[in-house]
Number of protein chains: 2
Amino acid sequence: MARISDGTKREAILDAAVVEIARHGYHQTTVAMIARRAGVADGTIYLYFSNKEEILFSLFERAMGRFISEGRTEVDQGASATEKLSRIVELHLTLVGRDRDLAIISQVELRHSLHFMDQLSRNQVGEYLAILGQVVVQGMEEGNFRADLDPVFAAKAIFGVLDEMATDWVLSRKNKRLESQAGSALDFLFGGLGVS
Amino acid sequence: MARISDGTKREAILDAAVVEIARHGYHQTTVAMIARRAGVADGTIYLYFSNKEEILFSLFERAMGRFISEGRTEVDQGASATEKLSRIVELHLTLVGRDRDLAIISQVELRHSLHFMDQLSRNQVGEYLAILGQVVVQGMEEGNFRADLDPVFAAKAIFGVLDEMATDWVLSRKNKRLESQAGSALDFLFGGLGVS
DNA sequence: GAGTTTAATGAATGACTATTCAGTATACTA
DNA sequence: TAGTATACTGAATAGTCATTCATTAAACTC
C-alpha cells in the first residue's frame, strides 16, 4: 500500500477541498463532501489532517507558499524598485486570476474568523508586506520614490489596492481578465509613491 | 407590555450581538449567548429576527446606514474634490476606529461567505464606491486629478487602501489611533490621483 | 506465502445548537 | 374586574456533522 508520506492522497484531499469550499463555503462544506470528491473515505481525511480547520490552514499554506516563492523570484529579476514593483503587481494579479476557486478561498473563505486572519496576517501576509516594504525602501534610496514615504504604510497601501482588485474580481461575474487592469494599478501606485 | 414596535428590544439584541460576535466570531456565537447578553429568552430573538443570519444582516445594515449617511453629509460639506476626499478619508478612519467591536464585525465577520459578500458588494459597498467615483469625476472635471483616470478603478483603489488600513488596525493590538494615519493615506491617494 | 505493519474504510457516536411552540405573564380594553 | 390581545419564556425537538475506531485491505519482509 502506498506510503502515507507519498503525499499524493494528501494533495488529492486538498484539491477536493478547494473545489468544494469555493463552491459551498467552508461552513457548508462537510468533511464527507471533501472525502467524496477526493475519492476517499471520511475517516481517511483524519489520517492526513487532525481536523477540518487544518485543511483550510494547509490550503492556505500551500497557495501562499507558491505565491511568495514566485514573488521572490520576480523581485530578484527586477533591477530597480519600479521594475520590481511592476513585476509584483503583474504576478499578484496573474496568480489570483489564474484559478477562480483558489481565489475565492483566499479572498473570502480564509478570512472567516479573527483568529484565522490573525494567523495569516502574522505569517504569510506579513512576509509579503515585508517584501513590498523592502522594494519601497529601495525605491526611496534610488531617489525614484518620494523621500517622505513611510515604507510600512506604503506596503499596506499597495497591498490594499491589489487585494481590493482581487476581491472585486472574485465577486464580479464578468470574465474580464484581472491582469488587464495591471496598467491602471501601476499608474495609481507609482503616483502614490511619488514616481515622477 | 411594551410594544414590539418600540424597537428598544431589537436594538438591545443587536447591541448584544455586536459584542458576542466580535468576541467569539459569528459561528462560535450561539443564539443563546446573544439572548443571555441582551437579557431576553432565546425564543424572543425569533420575534425580532427570522433566523440567526438575519441578525448579522441587520447589524450590517444598521452600521452601514450610519456610515453612508454621514459620508454623504461630509461630501456635501466639501467644495472641491480634494476637500471632499479628505473628509471622506478622515470620516472613514474615524468611524471604523471608533468602535473596535463593530470594526471586527465589518472587517472580518461580515465577510464570511461569498453569498454574504456578494450582498454587501452589490448594495452598501457599491453605494459607497459610487460616491467615491463621483468625487473622482469631479476632481477630473476641476482639472485637479489626472485626466486619464478610470473613475471606477480609482474608487476601488481608494477603497482598497482604506479597507486595508482598517483591517490592519483591527488585527494589530497596538492602540494607535486609526485616524493618525489619515495624512499618509491622503498623500498616497492624492499622488495616485495625480494631484499636483 | 505466512506474518507483520501500515493504510483505508464507513457506520456509529456524541455533541452541539438553531428553531419551535405550548404555556405564562403582562398590558390593554370596556 | 373580566376578558382579550400581545409579548415573552425556555424546555424540548430535530437535524446536522465532525470525529472515532473496530474492522478490512493492502503492502512489505524474510
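Letters A, B, ... mirror the listed sequences (proteins, then strands); counts begin at 1.
Side chain of Asn51(A), nearest nucleotide from dC8(D), dT9(D), dT19(D): dT19(D).
Closest-nucleotide positions on DNA chain D for Thr44(B) and Tyr46(A) were compared, and the one nearer the 5' end corresponds to Thr44(B).
With sequence neighbours left out, the side chain to side chain donor-acceptor pair (under 3.5 Å) criterion links Tyr128(A) to His92(A). Residues passing the side chain to side chain donor-acceptor pair (under 3.5 Å) test with Ser50(A) are Glu54(A), sequence neighbours excluded. Applying the side chain to side chain donor-acceptor pair (under 3.5 Å) criterion to Ser80(A), with sequence neighbours excluded, gives Thr82(A). Taking the side chain to side chain donor-acceptor pair (under 3.5 Å) definition, one finds that His24(B) meets it with Glu20(B), sequence neighbours left out. Qualifying ring pair (Phe, Tyr, Trp, His ring centres under 6.0 Å) partners for Phe145(A), counting only residues two or more places apart in sequence or in other chains: none. Residues passing the salt bridge (Lys or Arg N to Asp or Glu O under 4.0 Å) test with Asp42(B), sequence neighbours excluded: none.
Within the 6.0 Å centre-distance limit, the rings of Phe116(B) and Phe57(B) are counted as a close aromatic pair.
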List the atom pairs, donor and acceptor, that lie under 3.5 Å between side-chain atoms in residues 59-66 of chain A and the rest of the protein, sequence neighbours left out.
unit_1   : atom_1 : unit_2   : atom_2 : d
Arg62(A) : NH1    : Glu11(A) : OE1    : 2.7
Arg62(A) : NH1    : Asp15(A) : OD1    : 3.1
Arg62(A) : NH2    : Asp15(A) : OD1    : 3.0

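Between the P atom of dT17(C) and the CD1 atom of Ile34(B) lies a distance of 12 Å, rounded to the nearest Å. Separating the CD1 atom of Ile45(B) from the P atom of dC8(D) is a distance of 11 Å, rounded to the nearest angstrom. When rounded to the nearest whole Å, the span between CZ of Arg36(B) and P of dG10(D) equals 11 Å. Rounded to an integer number of Å, the gap from CG of Leu47(B) to P of dC21(C) is 13 Å. Nucleotide dA8(C) holds its P atom 12 Å from the CZ atom of Phe49(A), rounded to whole Å. If you take CG of Leu56(A) and P of dA18(D), they are 13 Å apart, rounded to a whole angstrom. In this structure, the CD1 atom of Ile55(B) is 15 Å from the P atom of dT17(C), given to the nearest Å.
At a non-hydrogen distance threshold of 4.0 Å, nothing from residues 18-33 of chain B comes into contact with DNA chain D.
Look at Lys9(B) and you won't find any side-chain N or O under 4.0 angstrom from OP1 or OP2 of dA7(D).
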So which protein nitrogen or oxygen atoms get under 3.5 Å of nucleotides 11-13 of chain C's nitrogens or oxygens?
none

Evaluate the side-chain contact (heavy atoms from CB on, under 4.5 Å) criterion for residues Glu74(B) and Lys84(B): first the C-alpha distance (whole Å), next the side-chain angles of each, then the deciding distance (0.1 Å), finally the verdict.
CA-CA 7 Å; Glu74(B) 284 297 319; Lys84(B) 287 180 179 176; over 6 Å; no
